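As C-alpha cells, the structure follows; a few thoughts come after it.
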Amino acid sequence: MSAPGVRAGDPGASYDVVVIGAGVQGLSTAYELAKRGVKRIAVLDRSWPGGGASGRNGELIRSIFSSPEWVGLFDLSLRRWHDLSAELEMNVLFSPSGYLVLASTDDQWANCERDHAYHLSEGVDSELLSQADVLKLVPALNRDVVRGGVLQPSGGFAHHDAVNWAYLKAGARRGVEVYCDVTVTGLTTSAGRVTGVRTSRGPIAAGLVLNAAGGHALDVNAWAGITLPMVTSRLEMLVTEPLAPFLRQGLAALALLGYCHQTARGEFVGGTEMHHVDESRSQNSTWDLLADMATKWVTLFPQLSGARLLRHWAGTVTQAADLAPVIGSVPDVDGYLMSCGWVYGFMGAPGASTLLAEEIVTGVPSPILEPFSPRRLVEGRLIAESSLVVPTGEEHP
C-alpha cells in the first residue's frame, strides 16, 4: 500500500519549488507554501515519507529553553502543535500532558531556576518544581537522581508517523506532488544561481530548491558548492513492551543526556546519548547505545529492570556546533534555501515551516528565523543554549 498523497510515475519537468526530502521539515514547508498559494511544488525522496529521522525520533515537544532564539522559535511551534490536528484534518496524536526537564545536580537546579525566571519574563508556560514536587508528579523516579526541575504543562509529545502522514495528506489536498524512490544526484546551476535538480528520473527545473534532506543535507550543500561547519551524526532510541502507566509527561534528564515518554499503549520510549557526537551515516542501531540506554533508564526508573525490548532504532541528522537548526538562504547562492541541522526538528517543524514559507512568499525576512540563518555559521555567531540533552562534541568526565 502506498502512502497517501504519493504520486505514481515520474515528476514533471519543472516546478516553482522543489523540496529535497519528504521528512517532517520538507512536508510541512511544502504544505505551508501551498497554503499560501504556491501552485507547483514537488517533494522528492529517495525512500518513503518519514523514512529518515522524521520517523526515528523521540517525538517530544516543548519550548522551555534558555535562550531567546530557541524560545522564540519553539514557543511558536508549540502553539501550532495545539491546533495541528484540526488544521491538517487528521489526528497527529499530540498529547499535551506536560514536559519535565529534570535536574539531578545543584548546578542543573541553578540553571532551572534561572531558566524558569526567564520563561516567566517572556510569558512562556513554565513551573519550577522542587525535589518533592517532582517526586509527587512522577513517583516512579529514583529519588537519588532528582534535585528538582522545570515543568511545561502545555508541552508533551505526538506520534511521528501520524504527523508525517497528516502533512502528506494535507499537502496533497492542496496540490503538493510527492514522489518517492527518486534519488537526487545533483543540482543544476547558472551564473551562481541554483536552477533545478538532477535525479534518477531525469532533470527537473525549479524556481527555488529547498534542502530538507536531513542526514543527507551536507551532500546537497556540496552540490551547490556550499561548505559549512556541520557534521552528520546518529541518534538512537528504544521502545519497551507495554507497561502499567507510570510516566504521564515527556521527560528530559539532563544528567543522563536522555529523553523519554510513555505512550497511551504503555510502551516506554526513550533515547540517551554518549558524551560525544556519534558522527555516522549508518541507520544501524548499536550495542553500545543500547547498553547505555538500558543502564540509564533503569537507573532513572528502577521498575524498568527486566522490561522486554520491542524495538531499537537509529536515525541520522546534520548538526552545527551549537546544535541549533540552520534555516534560510545562503550568501551568494540564489535560488537555494536550507532547512537543516535539525537535532530538535520534530518539535520545531510546525513553527519553522510556517515562518519559512511566509518568508519565501512575501520576501520579508523573519526576525525569529534570522538568528538561525546559515550566515551565522560563516560569521561564527553561534547560539548559546544550555538546556539541551544532546552532546556538544566536547568530551566530559
Side-chain angles (χ1 to χ4, degrees), residues 17-21 23 25-26 28-30 32-33 65-77 187-197 206-233 277 279 317-345 347-386 388 390 392-393:
V17 179
V18 168
V19 179
I20 304 174
Q25 298 301 330
S28 62
T29 305
E32 293 290 348
L33 286 169
F65 293 99
S66 66
S67 65
E69 297 89 350
W70 280 70
V71 168
L73 175 57
F74 286 87
D75 205 49
L76 169 64
S77 202
L187 301 176
T188 57
T189 61
S190 176
R193 180 181 180 85
V194 173
T195 57
V197 298
L208 180 70
V209 173
L210 172 63
N211 178 2
H216 300 280
L218 302 188
D219 293 335
V220 182
N221 277 353
W223 296 332
I226 298 166
T227 302
L228 294 173
M230 302 174 69
V231 300
T232 302
S233 63
V277 177
E279 292 190 34
V317 297
T318 54
Q319 64 181 72
D322 59 3
L323 304 174
V326 182
I327 315 170
S329 60
V330 180
D332 303 320
V333 182
D334 293 331
Y336 182 81
L337 291 172
M338 297 173 57
S339 183
C340 309
W342 280 106
V343 182
Y344 283 60
M347 70 171 70
S353 61
T354 299
L355 295 174
L356 183 57
E358 190 70 18
E359 185 174 306
I360 291 170
V361 170
T362 66
V364 178
S366 163
I368 296 177
L369 287 186
E370 193 282 329
F372 300 97
S373 72
R375 186 182 296 275
R376 83 173 197 278
L377 300 182
V378 177
E379 299 174 351
R381 293 185 289 109
L382 302 185
I383 300 171
E385 173 54 56
S386 62
L388 306 179
V390 288
T392 61

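On a predicted model such as this, the values are computed, not experimentally measured, just so you know.
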Would you please name every residue forming a side-chain contact (heavy atoms from CB on, under 4.5 Å) with [X], sequence neighbours left out?
X      : answer
Thr354 : Glu32, Arg36, Arg80
Ser77  : Trp81, Pro350
Ala206 : Val18, Val209
Ile226 : Asn221, Ala224, Leu228, Val330, Val333, Tyr336

Shortest non-hydrogen contact from [X] to [Y]?
X      : Y      : result
Met230 : Leu218 : O-CD1, 3.6 Å
Phe65  : Met347 : CZ-SD, 3.9 Å
Ala320 : Arg376 : CB-NH2, 4.1 Å
Ile383 : Glu69  : CG2-OE1, 3.7 Å

With a 4.5 Å cut-off on side-chain heavy atoms, are [Y] and [X] touching?
X      : Y      : result
Val231 : Thr318 : no
Leu356 : Ser366 : no
Ile360 : Leu337 : yes
Val364 : Glu359 : no

Between [X] and [Y] (side chain of the first, backbone of the second, donor and acceptor by atom type, cut-off under 3.5 Å), is there such a pair?
X      : Y      : result
Gln25  : Gly345 : yes
Thr29  : Gly26  : no
Thr189 : Gly192 : no
Asp322 : Leu382 : no
Ser67  : Trp70  : yes
Asn211 : Ala217 : yes
Glu385 : Ser66  : yes

At what distance, to the nearest 0.5 angstrom, does [atom1] of [X] lie from [atom2] of [Y]?
X      : Y      : atom1 : atom2 : answer
Phe372 : Met338 : CZ    : CE    : 14.0 Å
Glu370 : Ile327 : CD    : CD1   : 11.5 Å
Leu355 : Ser353 : CG    : OG    : 8.0 Å
Ser329 : Arg375 : OG    : CZ    : 7.0 Å
Cys340 : Ile20  : SG    : CD1   : 9.5 Å
Arg193 : Thr188 : CZ    : OG1   : 10.5 Å

ask   = Taking only residues two or more places apart in sequence, or in another chain, which ones meet Arg381 in a side-chain hydrogen bond (donor to acceptor under 3.5 Å, both in side chains)?
value =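 Partners of Arg381 by the side-chain hydrogen bond (donor to acceptor under 3.5 Å, both in side chains) criterion, ordered by chain and then number, come out as Glu379.
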key: Pair Thr195-Ser190, side chain to side chain donor-acceptor pair (under 3.5 Å): steps then yes or no   = CA-CA 7 Å; Thr195 57; Ser190 176; over 6 Å; no
query = Does Glu279 have any salt bridge (Lys or Arg N to Asp or Glu O under 4.0 Å) partners at least two apart in sequence or in another chain, and if so, which?
reply =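 In terms of salt bridge (Lys or Arg N to Asp or Glu O under 4.0 Å), with neighbours along the sequence ignored, Glu279 is linked to no residue.
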